[in-house]
Amino acid sequence: MVEVKLENLTKIFDKSSVAVDNLNLEIKDKEFLVLLGPSGCGKTTTLRMIAGLEKPTSGNVYIGDKLVNNVAEKDRDVAMVFQTFALFPHMNAFNNIAFPLKMHKYRKEEIKKQVGQVAEMLKISRLLDRSPGQLSGGEAQRVAVGRALVTKPKVFLLDEPLANLDAKLRVHTRVELKKLQKDIGITTIYVTHDQAEAMTMADRVAVMHEGKLRQLGTPSDLYDHPADLFVAGFIGSPAMNFMDCALEKRNLLVSAHFALEIPRDFAKEIEEHATTSEVILGVRPQDISLNGEETLNSVSAEVYAIEPLGSETIVDLILGEKIIKVVMPPTYHANAGEKVWMTFKMDRIHILDKKTEKTIA
Amino acid sequence: MFISSLKTPPEIMSRNIQWFPPNPQWGNFVKAFSFMRPSLARALLNSTIVTVSSVGLMLLASSLTGFALAKYKFRGNRIVFLYIISTMMIPSFVTLIPFYLIVNWLRWIDTYWPLIIPGAVSAYSVFLFRQYIITIPDQVLDAARLCGCSEFGLYWRIILPLSKPVLAALGLVNAVWVWNDLLVPMVMIHNRDLYTVQLALAGLWDIHGQLSDLNLVMACTTLATLPLIIVTIIVSKHLIKGWTGLSYAKR
């Protein structure tokens, strides 16, 4: 049972720049947890503190019930794969993978056996005598994973391991990594800024922003029930559309450009929980449909541009000064400047408090 | 120089320039060994001891210092670095007399030490090592740490092997410098048995009054140069990398 627990973890660089702010997080045994956030949100710093490469300013790190704040990185039984892979350029792949075993004074035959097993598992047996310079990005990545896993660590840390791979390979590798993690059943913490990686690989995702944990949940939790404006805008592609408006009368959302009737229970939530009547309406591009003529409870807008992607078409509309993105089937066609009417899937809309930026409904 | 060492004295003085003597006097090289005082063999040994230990110490000290300055954060890192760099601005002649006084106070006159120790500290080498090591990504070192490598292990197993081009380039340049140095040995060494090759060559004038046996002088000089040429050939592979691409690159 290897759980990782972070307790009030804080890291402040140079006395003023707060990288990680009072982070509390529990990673379960054998779980694949993704730390997701834009660059500079503190996710890599968090990972480095778990690895022991960075000392927390305050707070505690537990690995499997044991407080490891003062345990040296090499005694924590964690392994890490770096964004640049960080292979040792003067050693061939075999020696790279064997390096941690040599450091732990394994016998020669034992090293050979263990490296062989890991290489077999990662399908890199034929690459073992190549130097890092002769490996492609994907191969180097697998050697780096091999080097991390060869000592059978308790916790597996990955810092944007796919960022240096080309797009096609990335999609392939994330499936492989996920499968590998399930096969060996190792507690894994994975850092990325790519929400697609997070959504596809994670058991749970921890969204971070400005050093703080914004939301922790399963990928579908985050997508369907984002906790606040940041998470709502960060998860999903294209990003969720936001429209400022206010609740008027019983269940009418009104802005300068539209008046929209919303279900009564949403209105009730706003009345009960909003700090003011000012709210933000959030609708995912996938939850809007377009019509050539006005329909019941629709909002009119002007077509700004069309982005055909083959599998779908993204339609950019102008509503006031805002661009609203709508995902339509690939057969959809409209001309720029044309007037269209949007209908929202009412059970899929999100209402956020404008002042606190928290989700109300 | 090499061709002259194969000639007879009259052939050297002759106005008819001969590119290669009809009767090459290979025996000159044998005679050369007993031509000097101390013997050429002894002088070569002295120079080798001094050069190898001086350069060895220099590479060790500079790479360690460079590693610390490049990869560790500590208070005063920049100041120490600037201080080391600033010593490059002082010409060595200015410090010669104080240097002699210190050596005398240490009772190091007529020992190898004044020829070895000063060369072991080189601001330029520290600078070069630091600039090179700074280009080795931190992630590589972090990866080694997580593999269970100690801090000295980082230096020994990662930094040094990756610094081969710098080691070769600095090693050679400093070896040439120490090997060819005449001034310091001349000031510090009076005992003929401790003469370095350069000092012994310069001393030929004293022994022979006038340099009548120029062919033997040339033979001595050739033999004195030979070790450096051999070392250059051995390290030349790394040398070019050392001077041209002074940064760690994916290899």
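Every value quoted in this text rests on a predicted model; they were computed, and no experiment measured them. Every chain is numbered from 1 and lettered A, B, ... according to where its sequence line falls, protein lines coming before strand lines. Worth knowing before you read on, the calculation uses all heavy atoms, side chains too, and leaves out hydrogens, waters and symmetry mates.
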Can you find a pair of side-chain heavy atoms, one from A/Phe82 and one from B/Asp138, that are under 4.5 Å apart?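 No; the side chains remain at least 4.5 Å from each other.
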Would you say [atom1] of [X] has more than 12 non-hydrogen atoms from neighbouring residues, nucleotides or ligands within 6.0 angstrom?
X: A/Lys154; atom1: NZ; result: no
X: A/Glu110; atom1: CD; result: yes
X: B/Trp177; atom1: CH2; result: no
X: B/Tyr72; atom1: OH; result: yes
X: B/Ile79; atom1: CD1; result: no
X: A/Lys182; atom1: NZ; result: yes
X: B/Lys164; atom1: NZ; result: no
X: A/Asp183; atom1: CG; result: yes

Side chain, backbone, both or neither: which part of A/Thr151 has a non-hydrogen atom closer than 4.5 Å to chain B?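 Contact with chain B involves no heavy atom of A/Thr151 at all.
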Is A/His90 reaching over with its side chain to a backbone N or O of B/Arg157, donor-acceptor style, under 3.5 angstrom?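 Yes, the answer is positive, given that a donor and an acceptor are paired below the 3.5 Å cut-off.
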Pair listing, side chain to side chain donor-acceptor pair (under 3.5 Å) test, anchored in residues 51-69 of chain B, at least two apart: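 As it turns out, the side chain to side chain donor-acceptor pair (under 3.5 Å) pairs with a partner in residues 51-69 of chain B, which skip direct neighbours, are B/Ser63-B/Tyr155.
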If you check every heavy atom in residues 36-58 of chain A against those of chain B, which residues fall under 4.5 Å?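 Answer by number: A/Arg48, A/Ala51, A/Leu53.
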Least distance between heavy atoms, [X] atom then [Y] atom:
X: B/Val140; Y: A/Phe88; value: O-CE2, 3.4 Å
X: A/Lys74; Y: B/Arg145; value: CB-O, 3.6 Å
X: A/Arg147; Y: B/Ala143; value: NH2-CB, 3.4 Å

Gap separating the SG atom of B/Cys147 from the NZ atom of A/Lys102, nearest 0.5 angstrom: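 Between atom SG of B/Cys147 and atom NZ of A/Lys102 there are 11.5 Å.
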